[in-house]
Visitor: 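Pasting a structure here, questions to come.
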Amino acid sequence: MRFRRGLTALAAALLVVPLAPGAAHADPAYPFRDPTLPLATRVDDLVGRLTLDEKISLLHQYQPAIPRLGIGLFKTGTEALHGVAWSNDHRDNSAKIDATATVFPQAVGLASTWDPALITRVGEAVGDELRGFHAQDPVVWGLNAWAPVVNLLRDPRWGRNEEGYSEDPLLSGVIATAYGEGLQGDDPDHLKVAPTLKHYAAYNNETLRDRTSSNVPQRVLNEYDRKPFEIALRNGAATGAMASYNLINGRPATVDEDLGTLLRDWSDQRLFNVSDAWAPTNLTGSQAYFVTQAEANAATIKAGLDSFTVNDANGAPTVTAIKEALAQGLLAESDIDASAGNALSIRFRLGEFDPDGGPYAGITPSVIDSPAHRALARETAGEASVLLKNSGILPLKAGGSVAVVGPTADKLYSDWYGGQLPYRVSVLDGVTERASSVATSTGSDRIALKDTATGRYVAALDGAVLGTAAEAGPAAQFDSVDWGDGVSTLRNVANGKLVTYAWGPFVANSDEPNGWFVQQQFKIEDQGDGTVVLRYAGYETQEPWFPETDYVTVGADGNLTLGAASAATRFTRELLVDGVAEAAAQAKKAQTAVVVVGTDPFVAGREAHDRVSTDLGARQEALIKAVRAANPRTVVVLQSSYPQTVTWAQQHVPGILWTTHAGAETGHAVADVLYGDVNPSGKLTQTWYSSTAQLPDDLLQYDIISTKQTYLYSDAKPLYAFGHGLSYTTFRYGVPVVKNGKVSLTVTNAGKRAGDEVVQLYTHQRTSRDETANKQLRGFRKVSLAAGRSTTVTFDLKPSDLARWDQTRQRWVVETSVHDVLLGSSSSDIRQRATLAVKGETVPARDLSVATRAETFDAYAGIRLLDESKASGTVVGAPAAGGWIAFEDAALRGGTTFTARASGAGTIEVRLGSPTGRLLGTATLADTGGVYTYATVTAALARFSGRQDVYLVPGPGLRLATFSIN
């Protein structure tokens, strides 16, 4: 999120428009202007010519111009997740400027192609278009792109599910690499666009996202949450990362030391890391982690962030705080030099300081929404479509009568991180081009709302929504669409506009749900006595500053405003047109029915708002059932940003096709698949669960191992497995050969038509010291085969690829074990098996006689991982009595003394075998005077020996860093 506020006069003074062509420039003889010199030499030369004030100014998201050196303004962060989306214009109060550009499928759809080569082409097109926009207006369209998002799709209720790629770290990393490489271009020394990975790290919840801490044990952090970032950076596919809003194990991600250590170790290029919007001020605000902004900014820079996304275009507060930090000795000028150099490094690579602007400077706006990009968008949307079920109904034959019904049949949507569609081809449009006749219906209920107290109807009169109409004419009629989680929109029949709050009183003036605070959402709540009340569900009602007045009331003047639940106006809901029945009637008359259902990306979950469930809206579910009853030849097209529970449809409907919101060419692409011009090859990138009950109780359970989340660890039978996706042909898998670090097999198209298959390689480690995944993706290949043709597919699979994190020694380990080698068309459709015996090592028994970090536990309950200090380290604390940590298979040699380093005050019980097992002793820590003030405490233990499981039970109020038993 980059929600902009007004531009101050001071900011306007600080920001100088980049030098126009022909304006005076710095001496071209300066070494930093010489593109033949090494990048490091050029960066150091320029940094050395800057004053301290100039260097500090480069640490804000709007880097002001430095005319004396011919340096123009540079703005970080153009959104380009699945096409150029939007940016800001500081000349117009930092207004959000939307791009009308080629919109490709949402990120989760891009990944469902499982086609890195295609995604590289998509990235290339987006990079070209951003260069085209930059040529139009370099002030607005900066070349530092904030994409891709590589946060893993651990739970489909996450409001930002549409922005990520997969629940699997390998797939996410590979697709991110492909997209990033496309954005960057193929020049070895220059960047077309500078991509930034979002959001580091362990970020999967929107509710209170700036105040919640992701509790992530070492194994999960290393094997899961960090892995896609590592893959993209090791492959040189990004120029930096954005820190996430959340805390990770008690420390705000904005000051996570990984930003300056691990991430930079993973890349052989200099990285430019940025904060998320307003996150630096969260450190002193909602997170209350630092007292002053000077402390916060110093810690941010020390941790490895180079750019402050805060205060819109006004860099003055950031500059002031950094200067205060320097004066207080919290920072040295060398720290500023390093971050300023990081900021400038991508500008050099973008060609800004080359005499000719670099190899991509000649790209013009003509590339935007070009015919070639339209064709690529259609191709990508077709490959991204996933055939979930087909009982012989698909592909359809051209001609014939078709009923295309449903709330998204003739609608296309973009999303918060998508551009504006330059044109629209809906599913209705696409089918109409193929069918001999088409009938349609939205399936929406047309209702009227009558105030039970006055007998008057709610109506849209000249845009205003008033409860004063005497009759239920068109102005008093509303089409209601149920989008799920009980949230509906109300579209006025007379003017075609949605009812919106608009900060009150209500009006009917919106074409679609939109804006940061989506204000077109309502819940129609049945009161059990034949009446209903309207509960306003605009996104701002979930903000802490919004009063508890979210029920619609009709005032004495007839205006609809908001009040408390006790003041809610009672309405009778008159059903004027049963949309479900109307759609079913249309379906009954047609040879085939296509029901198009799903989501609006601005409703029922988005950035800052999670979902309650994965269910379809109740009326959409009813629509599927009614149409299927009316016409057995029914196909469901599901347009959605996330997995949905369509269990009934899977059981009863002969054909189901899923697509994300896939851009302007969605309708063509869906029709291409429905009618067989494109043989579907998309595969799901996350598990589709049979019900929300198969998910954890809440989104804050980040430990996928202990809570058994994703296909890796879940034992639940899903509706559709990770990797699932059907084809109009069949593929036969030959016997695999596992030899010399390779896995090879022959794949044959055994059907009667050409098609693409995604061959998926999984492994399962049979024995281990610790719990390992049920199966884990190790590789995939997308192959194209004509009917009857075969090809050999080969994967690299070395023992080092099978390493896992050993928490006992805090390093990667390859254990001696037999691994099942599994090849198939999805994680549940395994076609062939082999084995691989790996000679590695055996994790030894724990040696608790040495200082052992408490965070390296093997099991735990009731425990929070917390920050050891504000700069680094992780410790263990128990919020309430009864929490424990276990250290299994410890070799104990008669130790009689327990020694711990801890802070706070409280007790630590040492037990054997279980949290309530034999008590060996108790250490009591007197108050150390602060959570970051540590002391050493000891306790005598009863004698014991042998290999046993040791349990520590820390009391509330204590943070345990390390311990030993001697």
Side-chain angles (χ1 to χ4, degrees), residues 79-83 85 103-116 118-119 122-123 126 147-179 197-199 203-204 206 228 232 377 380-388 408 412-418 598-602 604-607 610-611 614 637-646 657-663 666 669-670 680-689 710-711 718-725 758 777 780 826:
E79 301 296 351
L81 183 59
H82 53 110
V103 177
F104 293 93
Q106 291 174 308
V108 67
L110 293 178
S112 71
T113 67
W114 292 61
D115 190 340
L118 175 63
I119 302 310
V122 171
V126 177
V149 172
V150 296
N151 297 109
L152 294 165
L153 304 183
R154 174 181 59 86
D155 191 311
R157 293 169 298 184
W158 183 34
R160 302 183 77 167
N161 193 90
E162 66 206 31
E163 297 180 38
Y165 291 130
S166 172
E167 69 183 33
D168 181 79
L170 174 64
L171 180 58
S172 291
V174 170
I175 297 298
T177 297
Y179 190 67
L197 302 175
K198 300 199 303 187
H199 313 79
Y203 169 44
N204 278 134
E206 298 303 297
T380 307
E383 278 208 44
S385 301
V386 181
L387 184 59
L388 298 175
T408 61
L412 293 185
Y413 298 103
S414 189
D415 53 57
W416 183 253
Y417 288 106
T599 64
D600 181 323
F602 278 80
R606 200 199 69 188
E607 182 176 359
D610 295 314
R611 282 173 285 278
T614 56
V637 174
L638 184 60
Q639 280 185 281
S640 177
S641 305
Y642 52 91
Q644 299 214 254
T645 304
V646 288
L657 180 71
W658 173 71
T659 175
T660 59
H661 297 282
T666 298
V670 168
S681 60
K683 302 283 187 177
L684 298 179
T685 67
Q686 58 189 136
T687 305
W688 285 44
Y689 294 94
T710 78
Y711 85 95
L719 179 63
Y720 305 115
F722 172 82
H724 171 76
V758 178
L777 184 71
F780 60 92
S826 81

Visitor: Does the S640 side chain pair with the main chain of G598, one donor and one acceptor, at a distance under 3.5 Å?
Guide: no

Visitor: Should the ring pair H199 and Y203 be called parallel, tilted or perpendicular, given that the plane angle runs from 0 to 90° and is split at 30 and 60?
Guide: perpendicular

Visitor: Can you tell if the side chain of T177 reaches within under 4.5 Å of the side chain of P116, non-hydrogen atoms only?
Guide: no

Visitor: Taking T687's backbone N and O only, do any of them form a donor-acceptor pair with E167's side chain (distance below 3.5 Å, no angle check)?
Guide: yes

Visitor: Quick one: do the Q644 and W688 side chains pair a donor with an acceptor below 3.5 Å?
Guide: no

Visitor: For the side chain to side chain contact (heavy atoms under 4.5 Å, CB included) test, which of V122, D415, V126 pairs with H82?
Guide: D415

Visitor: Report yes or no: do T660 and E162 form a side-chain donor-acceptor pair below 3.5 Å?
Guide: no

Visitor: Would you find a donor on one side and an acceptor on the other, under 3.5 Å apart, between the side chain of D610 and the backbone of G159?
Guide: yes

Visitor: Has K198 got its NZ or CZ under 6.0 Å from the middle of the six-membered ring of Y417, at an angle within 45 degrees of the ring axis?
Guide: yes

Visitor: I'd like to know if the side chain of T380 and the backbone of A377 have a donor-acceptor N/O pair within less than 3.5 Å.
Guide: no

Visitor: Which of these passes side chain to side chain contact (heavy atoms under 4.5 Å, CB included) with Y642: R157, R160, R611?
Guide: R611

Visitor: Looking only at atom types and distance, does a side-chain atom of H724 sit under 3.5 Å from a main-chain N or O of L388, one as donor and one as acceptor?
Guide: yes

Visitor: Between F722 and Y711, what is the ring plane arrangement, given parallel below 30°, perpendicular above 60°, and tilted in between?
Guide: parallel

